Structures are given as C-alpha cells and as structure tokens.
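The structure appears below as structure tokens.
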Amino acid sequence: MKKYDHKRIESKWQKEWEDSGLNKTKGASLKPKCYVLDMFPYPSGEGLHVGHPKGYIATDIYSRYKRMRGYNILHPMGWDAFGLPAENFAIKNKVHPRIAVEKNIARFKDQLSKIGFNYDWEREINTTDPEYYKWTQWIFLQMWKHGLAYQSFEPINWCPSCLTGLANEDLEDDRCDRCGSAVEQKPMRQWMLKITDYAERLLENLEDLDWPESIKESQRNWIGKSEGAEIDFQLKESEAKISVFTTRPDTLFGATYMVLAPEHELVDELKEQIENWDEVFQYTGIVKNKSDIERTAEGKNKTGVELKGVKAINPATKEEIPLFIADYVLAHYGTGAIMAVPASDSRDFGFAREFDLPIIEVIVGGDIKKEAFVGAGKLINSGKFDGMDSEEAKQKITEFVGGKMTTTYKLRDWVFSRQRYWGEPIPIIHCEKCGIVPVPESDLPVTLPEVESYEPTGTGESPLAAISEWVNVKCPKCGGPAKRETNTMPQWAGSSWYYLRYIDPKNDKALVDKEKEKYWSPVDMYVGGAEHATRHLIYARFWHKFLYDIGTVNYKEPFEHLQSVGLILAQDGRKMSKRYGNVVNPDEAVERFGADALRVYEMFMGPFDQSTVWSTDNMVGSYRFLEKVWLLISKISARGGTPPEDGQAASGGKNKKIELLTHKTIKKVGEDIESFDFNTAISSMMVLVNGMGKEEIAEDQFEILLKLLAPFAPHIAEELWHELGNKDSIHLEPWPKYDAEKIKEDTVTIAVQVNGRTRGTFEVAAGASEDEVKNQALSQENVKKWREGKETKKIIYIKGRLVNIVVS
RNA sequence: GCCCGGGUGGCGGAAUUGGUAUACGCGCAACACUUAAAAUGUUGUCCCUUACGGGAUGUGGGUUCGAUUCCCACCCCGGGCACCA
C-alpha cells in the first residue's frame, strides 16, 4: 500500500471534480431542495486566515451530507467587495480599488480552492460588478417609489483637521485616530431608509425563525419595542404643551419635575420666558459638541440646567413642577422629553439627588430613601388610584389625564449614504426645476466613473462631486440642467440581498426569476459570525420584506435556519489580526497536513459556535486519524466481503463488535451533522476507526466508514473509494442507513451505588428483569460490605443504568 | 449598568438534558522496534493515599436516593447594547 500522500490525492481530486462538474447546481427538480449559504467575505488584501474557512467547512460538510441524503443543493460563494479598506488602499497606493479587489479575489479563490470546497463557481457574484449593483440600485429606486427613501440632515463624525467624515470605528476616545483632533458632529445631507416602518414585522416574524436564541434576543433589543403612554403636560401661563412618552403612566402622581433633551425645539421657543438663558445656552452648546459616546459615558453624575421662569403642571396632581434640560434625555427617542419620577426610575433618582428635588413614593415595595423602586406594585399617594395595581393603573391614569397608550421603538431609520467613492452610486438626479428625479430604470446601472484621486474633497462630499462631466447631466424629466447624486451606498447595501442573486445570477431582465426563487428560497442554512446579529441580519430581513411586499420574492423571511460560527483565536488567545502579527494562514497548514486534515481539525477543535484557540501542532491528531483510515484498507478481510444472501444471519462471518459500532456511528454522525455538533461526530468516527484497527473488518463496513467520512475529508474518502474499485464519485452515493436492530446491545453494564456512591459495576443481559438486576446488585461483594449492619430503606432502579441502594 | 454566552485534568474538550464525571484528541511517561533519532505500536496518565478509602466540574448554600446538569446568592472570562423614559 502506498503512503498517505495528501498533496497528490488532494490536487488530483480537486481537478477531477472540477472537470466532471460534480459541484454544479442542478436546476429545479422534483427532489427536495437545500440552499446552504455562507456569509460571503470581504476580500481583504491580507488573504484568508484560518478563521475564515471554519464556517465554509461546516457548510461544505452540511451540503455534501444533504446531497448524499438526496437533496438538490445550492451552495454558492461570492464577494462583498465595496467598502472603505479598498478605498483607503487606493488612496495610499494610487491603485484603482477595482484592481486591488480583483487581485484580492483571485488570491482568496486560490486559497479556497485548495481546501476542496464544493462551491458552484458558475454562480459567483461580486457586489462591485455593475451587472450586480444595477439591481442594488434598482431596489433603491423601488424604495424611493414606495416612499421608503428620503433625505434628511443627519450628523456625521467630522474631523475638522482632516476635513473628512469618520466612521465610528475610526474614533478613539472621540478623537480622530489619524490626527488626534477632537471630532465634531456635523450635519450632512443624507439619504435615509425607513426601516422603522417595518419594526413591528421584523419583531413579530422573529418568532418563526429557527435561529439561535441569543441572536433573536439581540434583534429584539435592537428593535426595542416598548409600550407606554403619551401624556401632555401643560406649561404654566402658556399655551405650550410638552408631550412625553412613558412606560410608567402608573407613576404619574410621582412626577416631580420634567426634563427636555437640550436639542428639544421648545427650548428655543421658550427663550423669552427663560430667566437664565445664558446658562441654558452655554449648557446646550457643551452638549452639542459632545458625541453620543461622550454624552453617555458620564456614568452616575447627572448634569443639567433648570429652565428658570418656566413651570409645567403635573396633569394628575395639578401641581407646578420645574423644568430642566439634561443630556441624559435624548432627542431622538420617544418625544425627546420625559416626566421624571425619581421614586420609580433610577436615573431620575440620581438626578433628583443631585439637584435636591422632591422624591414622592407612588408604588409600595421599595425603600426610596436609598434607591428608586422600579418594580410594580400597589399605588400610594396617587389620589383615587391608591391601592390599585400598577398594571391596571397604567390604563386608568392615562385615561384620567387624557393621554393615549402608544408604542415606541428604539430602532432608528437607516442612514443610507456615504460620502465616498467606492460604493454603489445612488441613482438619483437633482434637477433645478423638477427637484429629485430618479434615474429611469432603463438607464441602470449608474456606473462609477474613473477618477484621478480618491482623496476626500475636504467639503465632506464624495470624491465623485469633483468629476463635473459625470455630475452634470440632463434632467430625465424636463431635459434641463441637473446634477447626479454624488453620495454612494453603504457596504451593507450589496449584502442585503445577495443571497437572492445566486439563485439566478445571470438574469438581465429581473433581479431574480420568480419561479426559480420560489423553488430555491428561503435559504435553508445560513452560517456566519454572530457579530452580524443586528446589522446585516436586520438589514437583509428588511429588504427582503420590502421585496416581498412589491412582489419580487415569494417568502416573507430570507433565512430559515441560522448557525453562528465561533471565532478561531490566535495562539496568544487574541483575535487574529495583522496588527498583532498573530495571523495564521491556512496555506501552511494545508501544505503540512493537507486540506482534509485542516477540515477535520477545524471541526474537531470544539463546539462549532464557540471560539477556540488555534494550534497548528494539534492538527497532527487529525492527520494521524486520516492516516489510520488510509492504512485500514489493507486490513479488509476477504471472508468478510459480502454478507450471504440466503437468509442466514445478516452478519455472517462479520465481526459483531464492529458491526454494532458501525451502525451506532452511522446514527451518531448523521444526527451530529444535522445539529452542527461536528466535534462529537468526528470523535465517534475516531472511536470506530480505533475499533476497526483492532478487529477484522469487512469491505462493506469500510465503505460505510468512507461514506461517513466523505463530507468531512472528501479527498481521502474519494481516493479510497476508488481504490476499492468503485467508478463513480463517493459524493453521489446515498448516505448509509443504520439498522436499529443492530444498535441494540446484548449486555449492559449496571452501576451499583450505595447511598448514591458507586461501589461497583456488573454486566447483565440487556433484557434482564428488574428483580434479576436488583438481586445481582445486592449480591455484589463490595455492596454487602457497605450494607453490613445497616437497614436497607429502598432500592432505586434505573433501567439499563444503575441500581442505588439507600441504607441508614 | 443591562442582555446573551461560558467557567470540567497540564491543554482543546465529552457527558444520552437528573443516573458509573473526565469520551475523543493533544501533551507527557515507560516499554517495543532502531546503531541512533524520527515515525509507528503497546501500556499508563484528575488529585491525595502503600493500601482501605477520600477529595475534585469557578465559590458558597439549597432541592434530591443521586447534581457538571435544577433553584438561590456571589466571583471571574468572552461578546453585544449603552442614561431608551
């Protein structure tokens, strides 16, 4: 037998599969379909590190397994290639981002191909391809038509020295991470998408998704639904009213002051009445220059300023209460104003302590001298509502003061524009006469022009704004002079619908053919990092629901089942990053131990969704395992060949121990792949291989092992399969079935405990009666010793497991 | 601060969801093969104890015949959100 030469067999089969078109997706058929998807990567300049393939290996195993189970498989791959890193690289090296991206993709593809993935590369997509982003732009236009895209002035992080906008990631303690200047909040004209219109549906439909509970929970928190009441507070000696949102209208009688967000429009309107305007103006100025991070990082010390000369009336008690502005109230949540109930809200409590404001207990249950009591309970100091339960009082008190019950969400509309070059141009034209005019669909895609420089313009505008021949166009409506929109879309855009394009990647008439979409959607298994829990996974759901509403797709949700991949950490326990110089490249590992060993190792490291620490040296265990399989083929015994067909015992001539073990392993591996417990699947195959190494094995038993191994280590399985004389690919074989009869053990080991401590074990026939087992247990030498001189109180019997004798 | 994970040998981890804790792998040790080393194979490997036995699943308590698993309180590590009214 030849040596296990991973290099030879891996390159041989990779080529063979490519030539035979093994991994080409078949069209719609009567077979059940299974769409298995990875979150597509950003092709960074550093190439792949060993963490990347972890998820891809899992989907590869899963899809190969499903194919053997008779499913029609769609398993594609592509590139999320717009975004800042490519643009920054372009600025630095004066290379067009397109060139850099092409190079990076070639590198990624080469690395991926060496790991033996079964992607159908005919369906490859690239978000920066005009034929692709034509449809990203098309979706934007549909949103515009349906009133979901609008313009607004939103603040961006602005570095006054670099004259450029910064992403949150580019900030360090509110300073520009390049030059260190303090970052300002500068309002810029932005395109927004009304995701808030979908808040309720995004929340509701989470219930039906088979996703990890933790990710669903993050989405719930991100959407942040809260039910409460909107109540108006009249200002004293004024027509003006302040509307507040509260989840606790039951505590209204305890509202002893009010707070407006410093940006609240009423502050300016009340200027004439406010006696300490200078102080107020100064405070507002300070807050304005604080970013959200700074504003919210102040912890327990509350700041604020009273609006002297202005009083509000508590609508329940009719008492006059003071009015403040404070940065702990945010303009963009609720109504931008709150009623403060220090006895029942800890932030209000902290503020009231700081400013020496009255604290009136309205819910019984806590000790308001020490801290706010935020729980529910019976009302007190609340007039005719005293003694009522807080739940009931919410409704009643709201009615009493003429308020209304409402719902609010934390979810905010999506800022959908970037002042950057390397993104999809927003297909809008600004006409002097007609205003905003969408680019006609027949003119899509609006492609990115070639530019000289990718440097930010210094005005905050996109580099596109400097290219007058691109910017200046005729208005499609009136033919007059007009200008193109120069903002581009954020990186999230292309990834919000890419899974649909794989279904029909070359269609130039539609985003996706509706019949094909009906067959392949939704994605049956989606695998990716948990860091996308709230952004990508919410944006994609939002777009999908919109496409459903306009009739482009057939189903309400894009991803039926989601699995999180845990990170692979570097040997030093930190994230792999160029910065720490701890990145491990898969090429070295593949070179040393082979793709199959890499695949097995990454799946064997630990639970799939947990992060684990990489160790190239530990890979040797997986390599040894494969080598043992390789050597097993020479052990196949001739007489174990084919089982006799004349009705004799099915395992005639075969080793019964191995037969039992084989069938147990079929069951275990199948179940574990379904639940993504790859580590225990591999461990059970190791047990089988170790067992086979010690006993005589039959050819069909060995074939079963190869089939179980095929999804995990496709090359070695294919090679040995052909070595046995088979002509077709092992990957098209049906998945082995286990025989429930064969899994039954003849004897079981029973543990005997005395008072819950194990004192011995014994073998007993699997069908033994309870009395038989108990008697045997009592007759054990060690048991006799422990029972001596004691009274037996009871005997607990757990079938097939243990007998516990309770004595005292 | 809140929410979600997690804490088991020297290390990565397993444990049929309340039933023999430490499967599988790495490492380590001894032996075999070898002039030697590597590779491979065999055996051993949670801790204390010569043994009998005892003690260990982050800590402390509880429920139970029996707890890694359930309940209560606390500590530590990782991730997410951040004064959300």
Side-chain angles (χ1 to χ4, degrees), chain A residues 212-218 220-222 224-226 228-229 244-248 251 255 258-259 261 292-293 295-300 302 326-330 332-341 344-348 350-351 408-411 529-531 533-534 564 566-567 569 573 575 600-601 604-607 609-615 617-622 624-625 627-628 631 668 671 677 679-687 689-690 693 749-761 785 793-808:
Chain A
E213 198 43 49
S214 62
I215 294 200
K216 288 207 223 175
E217 191 58 25
S218 320
R220 281 186 206 111
N221 292 338
W222 187 267
K225 180 179 184 172
S226 60
V244 303
F245 173 77
T246 176
T247 54
R248 297 297 303 273
T251 64
M258 297 186 80
V259 186
D292 266 11
I293 301 164
R295 196 164 150 173
T296 57
E298 285 185 32
K300 295 205 164 56
K302 296 270 181 288
D327 60 2
Y328 83 95
V329 173
L330 304 173
H332 56 69
Y333 184 74
T335 61
I338 62 158
M339 65 175 212
V341 185
S344 295
D345 181 286
S346 34
R347 284 152 302 150
D348 297 346
F351 191 87
T408 54
Y409 300 89
K410 269 195 253 182
L411 188 69
E531 69 272 18
T534 44
S564 302
L567 283 177
L569 303 170
K575 259 190 185 179
V600 169
Y601 174 60
F604 183 62
M605 286 174 81
D609 58 357
Q610 246 167 254
S611 53
T612 39
V613 173
W614 177 264
S615 158
D617 290 336
N618 276 6
M619 261 184 77
V620 74
S622 307
R624 283 181 195 148
F625 163 63
E627 205 170 30
K628 280 185 202 169
L631 295 171
K668 176 77 179 154
E671 286 170 356
D677 291 313
N679 55 334
T680 47
I682 291 167
S683 136
S684 72
M685 284 190 280
M686 285 173 169
V687 172
V689 169
N690 291 343
T749 310
I750 303 286
V752 197
Q753 299 184 330
V754 179
N755 285 348
R757 306 210 57 134
T758 303
R759 298 298 179 187
T761 59
K785 195 177 81 190
K793 293 217 140 155
K794 63 176 163 179
I795 300 176
I796 290 152
Y797 169 69
I798 305 294
K799 194 167 184 296
R801 299 220 168 264
L802 60 72
V803 176
N804 187 11
I805 301 155
V806 186
V807 301
S808 67

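Worth saying up front: this structure is predicted, and the values here are computed from it rather than measured.
- For the C1' atom pair drawn from B/rG58 and B/rU68, the interatomic distance equals 12 Å after rounding to whole Å.
- With sequence neighbours left out, A/Arg759 forms a salt bridge (charged side-chain N to carboxylate O under 4.0 Å, His left out) with no residue at all.
- Shown here are the side chain to side chain contact (heavy atoms under 4.5 Å, CB included) partners of A/Ser683, two or more places apart in sequence or in another chain: A/Phe604.
- Side-chain atoms of A/Phe245 lie closest to B/rA85 of the nucleotides B/rA85, B/rU20, B/rC81.
- Distance check on atom C1': B/rA21 versus B/rU8 gives 8 Å, rounded to whole Å.
- Contacts of A/Arg759 with the nucleic acid, taken as non-hydrogen atoms under 4.0 Å apart, involve only primed sugar atoms and P, OP1 or OP2.
- Residues A/Lys794 and A/Asn804 bring no donor and acceptor atom of their side chains to less than 3.5 Å of each other.
- Separating the CZ atom of A/Arg347 from the P atom of B/rC2 is a distance of 13 Å, rounded to the nearest angstrom.
- To the nearest whole angstrom, the two C1' atoms, one in B/rC28 and one in B/rU35, are 27 Å apart.
- Note: A/Trp222 and A/Tyr409 fail the aromatic proximity criterion, with ring centroids not under 6.0 Å apart.
- Nearest to the side chain of A/Asn221, among B/rA21, B/rC83, B/rC3, sits B/rC3.
- Rounded to a whole angstrom, the distance from the C1' atom of B/rC46 to that of B/rA29 is 16 Å.
- In this structure, CD of A/Glu671 is placed 15 Å from C1' of B/rU17, rounded to the nearest angstrom.
- Between A/Tyr333 atom OH and B/rC83 atom P there is a gap of 12 Å when expressed in whole angstrom units.
- Checking B/rC83, B/rA21, B/rC81 against every side-chain atom of A/Thr758, the shortest atom distance belongs to B/rA21.
- The two atoms that bring A/Ala340 and A/Asp348 nearest to each other are CA-OD2, 3.3 Å, heavy atoms only.
- Distance NE2 (A/His332) to C1' (B/rA85): 13 Å, rounded to an integer number of Å.
- B/rG6 and B/rA14 have their C1' atoms separated by 16 Å, with the value rounded to a whole Å.
- Residues forming a salt bridge (charged side-chain N to carboxylate O under 4.0 Å, His left out) with A/Glu627 (at least two apart in sequence, or on another chain): none.
- In a base pair of the Watson-Crick type (N1 to N3 plus N6-O4 or O6-N4) or a G-U wobble (N1-O2 and O6-N3), with each distance short of 3.5 Å, B/rC28 is matched with B/rG44.
- Looking at A/Thr246, its side chain does come within 3.5 Å of a backbone N or O of A/Arg248 through a donor-acceptor pair.
- Here A/Phe245 pairs with nothing under the ring pair (Phe, Tyr, Trp, His ring centres under 6.0 Å) rule; sequence neighbours left out.
- Comparing B/rG62 with B/rC47, their C1' atoms sit 27 Å apart, to the nearest whole Å.
- Taking the P atom of each, B/rU69 and B/rG18 are spaced 11 Å apart, rounded to whole Å.
- With both pairing distances under 3.5 Å, B/rA51 is matched to nothing as a Watson-Crick or G-U wobble pair.
- The side chain of A/Thr247 lies closest to B/rA85 when the candidates are B/rU20, B/rG55, B/rA85.
- With a cut-off of 3.5 Å on both pairing distances, B/rA37 has no Watson-Crick or G-U wobble partner at all.
- For A/Glu627, counting side-chain heavy atoms from C-beta on, the closest listed nucleotide (B/rC81, B/rU40, B/rC4) is B/rU40.
- Between A/Trp222 atom CH2 and B/rC4 atom P the separation is 18 Å, expressed in whole Å.
- Listed by chain and number, the residues in a side chain to side chain contact (heavy atoms under 4.5 Å, CB included) with A/Val687 are A/Leu661 (sequence neighbours excluded).
- Both A/Ala337 and A/Glu531 sit near RNA chain B, but only A/Glu531 has its closest nucleotide nearer the 5' end.
- Judged purely by atom type and a 3.5 angstrom limit, A/Asn679 has no side-chain atom pairing as donor or acceptor with the backbone of A/Met605.
- Legend: residues meeting salt bridge (charged side-chain N to carboxylate O under 4.0 Å, His left out) with A/Lys216, ordered by chain and number and at least two apart, are absent.
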Under a 4.0 Å heavy-atom criterion, the protein footprint on nucleotides 24-31 of chain B, written with B, S and -, is BSSS----
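- Here B/rG12 presents its P atom at 17 Å from CG of A/Leu567, a figure rounded to the nearest Å.
- Listed by chain and residue number, A/Val600, A/Val629, A/Met685, A/Met686, A/Val689, A/Leu709 satisfy the side chain to side chain contact (heavy atoms under 4.5 Å, CB included) test with A/Phe625 (two or more places apart in sequence, or in another chain).
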List every contact pair, protein side and nucleotides 14-16 of chain B side both N or O, where the distance is under 3.5 Å.
| from | atom 1 | to | atom 2 | distance (Å) |
| --- | --- | --- | --- | --- |
| B/rA14 | OP1 | A/Asn679 | ND2 | 2.9 |
| B/rU16 | O2 | A/Arg801 | NH2 | 2.3 |
| B/rU16 | N3 | A/Arg801 | NE | 3.3 |
| B/rU16 | N3 | A/Arg801 | NH1 | 2.9 |
| B/rU16 | N3 | A/Arg801 | NH2 | 2.1 |
| B/rU16 | O4 | A/Arg801 | NH1 | 2.9 |

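- Scored by the salt bridge (charged side-chain N to carboxylate O under 4.0 Å, His left out) test, A/Arg220 finds A/Glu207, A/Glu213, A/Glu217 as partners (sequence neighbours excluded).
- Across the strands present, B/rC81 finds its partner in B/rG1; the criterion is a Watson-Crick or G-U wobble pair with both atom distances under 3.5 angstrom.
- Base engagement by A/Thr749 is indicated by at least one non-hydrogen atom pair under 4.0 Å involving a base atom.
- In this entry the distance linking CG of A/Leu802 with C1' of B/rA21 reads 14 Å, nearest Å.
- The same atom, P, is picked in B/rC77 and in B/rA67; the two are 30 Å apart, to the nearest Å.
- Across all strands shown, nothing is found opposite B/rG9 as a Watson-Crick or G-U wobble partner with both distances under 3.5 Å.
- B/rG7 adopts an anti glycosidic conformation, its chi angle falling more than 90° from 0.
- Closest-nucleotide positions on RNA chain B for A/Glu213 and A/Ile750 were compared, and the one nearer the 5' end corresponds to A/Glu213.
- Residues passing the side chain to side chain contact (heavy atoms under 4.5 Å, CB included) test with A/Ala337, sequence neighbours excluded: A/Ile242, A/Val244, A/Leu260, A/His264, A/Thr335.
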Nucleotide N/O of nucleotides 64-67 of chain B paired with protein N/O under 3.5 Å:
| from | atom 1 | to | atom 2 | distance (Å) |
| --- | --- | --- | --- | --- |
| B/rC65 | O2 | A/Asn804 | ND2 | 2.3 |

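- The side chain of A/Arg757 places an N or O atom within less than 4.0 Å of a non-bridging phosphate oxygen (OP1 or OP2) of B/rG55.
- Nearest nucleotide to the side chain of A/Lys302, out of B/rC83, B/rG54, B/rG12: B/rC83.
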